[in-house]
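Here the structure is laid out as structure tokens; the discussion comes afterwards.
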2 protein chains.
Amino acid sequence: MDKEQGRAILKRLKLKITPKRLEVMSCLGNEPLYLSADEVWQRIKLRVASIGLPTVYRILDELVAAGVITRIFQADRKQYYFLCTNQGHHHHFVCESCRRVEDLEQCVLGEGALETVQRSGGHVTSHILQINGVCGACSGPHQEASCRTA
Amino acid sequence: MDKEQGRAILKRLKLKITPKRLEVMSCLGNEPLYLSADEVWQRIKLRVASIGLPTVYRILDELVAAGVITRIFQADRKQYYFLCTNQGHHHHFVCESCRRVEDLEQCVLGEGALETVQRSGGHVTSHILQINGVCGACSGPHQEASCRTA
DNA sequence: GATCAAATGAAAATAATTTTTATTTGTACC
DNA sequence: GGTACAAATAAAAATTATTTTCATTTGATC
Ligand SMILES: [Mn+2]
Ligand SMILES: [Mn+2]
Ligand SMILES: [Zn+2]
Ligand SMILES: [Zn+2]
């Protein structure tokens, strides 16, 4: 993701185009990994004059609300964020070892899921689906360098 | 869930049978709702001599690790807990309005989901699946008393 | 009943996240 | 290019869920 793509997204969302927002998107959009708010902050600080951690939180929240960024769920009580440029509804495979996030080809939520709910008069508004495991690189025989062991 | 069922679970897990553990299980096991650690604490305090909040956290964590209790994911940064006596792998529908949790009939994770991962040499260890919406009682025309509006 | 590891209470510590308020900046308009 | 104003940000402090520590109590086993 380059700055132009970031600009287009902000324009579409009717958000002001600011350097901080572009940096956050660029930071997350060029990593195949999920990051915490603090990690995003640490990385941006190296390349930008100055930015506060609350600003990072605010931007991340905005972008999650807008659907640009996805939350990744982990057992620790931190929030993690991932940006994928893939359009359309889909879900993710998350590597427990190297933090890599990969797209699943389609929403694997079957029709059977909704039947039970609808039969009892309710309706579905959203769903969370995340598959955890160990990615190919981390599972491989020689443990590629790109994968650190947790 | 009564005290006897709680005893049996603790025995199976090789955990000491203590009044506090039985109370936590009884509290969660007799509500069709998810609760936070603090809410479990507040309810138990009314009925038991004394119990500390850290103890509630410790017990909840143990029971989650043992698979007896399920975590419910919400947007706020709190952890929520739900106990269902249903055996076997399954997932849940969660009402945004009244906090009710209902079982989905089966794991709706299709085979297609795992293909992508396996094709690239990785393997799956776990998955998170939660369906959010509004339950039948909360959707109904007369908003039954059992459902409070959030 | 004695023993000892496991469980708990109480208080303090931790750390992620949010709020507040003053200041700065991007955009629309001229 | 300059102005006006709402939106965005910095900095510091506050909040709060959760965890840790350590002294004390308790359940299981013999
Ligand atoms: Mn994706
Ligand atoms: Mn269930
Ligand atoms: Zn990996
Ligand atoms: Zn409901």
A:Leu10 CG - D:dT9 P separation (whole Å): 10 Å
ILVMFWY cluster membership beyond B:Val94 - transitive side-chain contacts under 4.5 angstrom: B:Tyr34, B:Ile72, B:Tyr80, B:Phe82, B:Val101
First encountered from the 5' end of DNA chain C, between B:Arg77 and B:Lys14: B:Lys14
Proximity to DNA chain D (any heavy atom under 4.0 Å), residues of residues 16-25 of chain A only: A:Lys16, A:Thr18, A:Lys20, A:Arg21
Presence of B:Tyr57 side-chain N/O under 4.0 Å of D:dT19 phosphate oxygens OP1/OP2: no
Interatomic distance, B:Lys45 NZ vs C:dT8 P [rounded to whole Å]: 17 Å
Length of the line joining B:Tyr80:OH and D:dT18:C1', which is rounded to integer Å: 14 Å
Rounded interatomic separation in angstrom, taking CG from B:Asp38 and P from D:dT19: 14 Å
Minimal non-hydrogen separation, B:Leu22 against B:Gly6, with atom names: CD2-C, 3.7 Å
Integer-rounded Å distance: C:dA7 C1' and B:Glu62 CD: 8 Å
Length of the CG-C1' vector between A:Leu60 and D:dT9, whole Å: 15 Å
Touch class at under 4.0 angstrom, heavy-atom based, for A:Ser36 against every strand present: nothing
Mind listing the side-chain donor-acceptor pairs of residues 51-70 of chain A below 3.5 Å, one per line with the distance, residues two or more places apart or on another chain?
residue: A:Thr55; atom: OG1; partner: A:Arg58; partner atom: NH2; Å: 3.3
residue: A:Glu62; atom: OE1; partner: A:Arg21; partner atom: NE; Å: 3.1
residue: A:Glu62; atom: OE1; partner: A:Arg21; partner atom: NH2; Å: 3.4
residue: A:Glu62; atom: OE2; partner: A:Arg21; partner atom: NH2; Å: 2.7

Ring geometry between A:Phe73 and B:Phe73 (parallel below 30°, tilted from 30 to 60°, perpendicular above 60°): perpendicular
Sugar-phosphate, base or nothing in reach of B:Asp76, heavy atoms under 4.0 Å: nothing
Salt bridge A:Lys78-A:Glu39, side-chain N to carboxylate O under 4.0 Å: no
Sidechain N-carboxylate O distance under 4.0 Å for A:Arg7, A:Glu4: yes
Interatomic distance where NZ belongs to A:Lys78 and P belongs to D:dT19 [whole Å]: 13 Å
d(CD1, A:Ile59; P, C:dT18) in whole Å: 14 Å
Least distance between heavy atoms, A:Ser120 atom then B:Glu102 atom: OG-OE1, 3.9 Å
Any donor-acceptor N/O pair under 3.5 Å between D:dA10 base and A:Arg58 side chain: yes
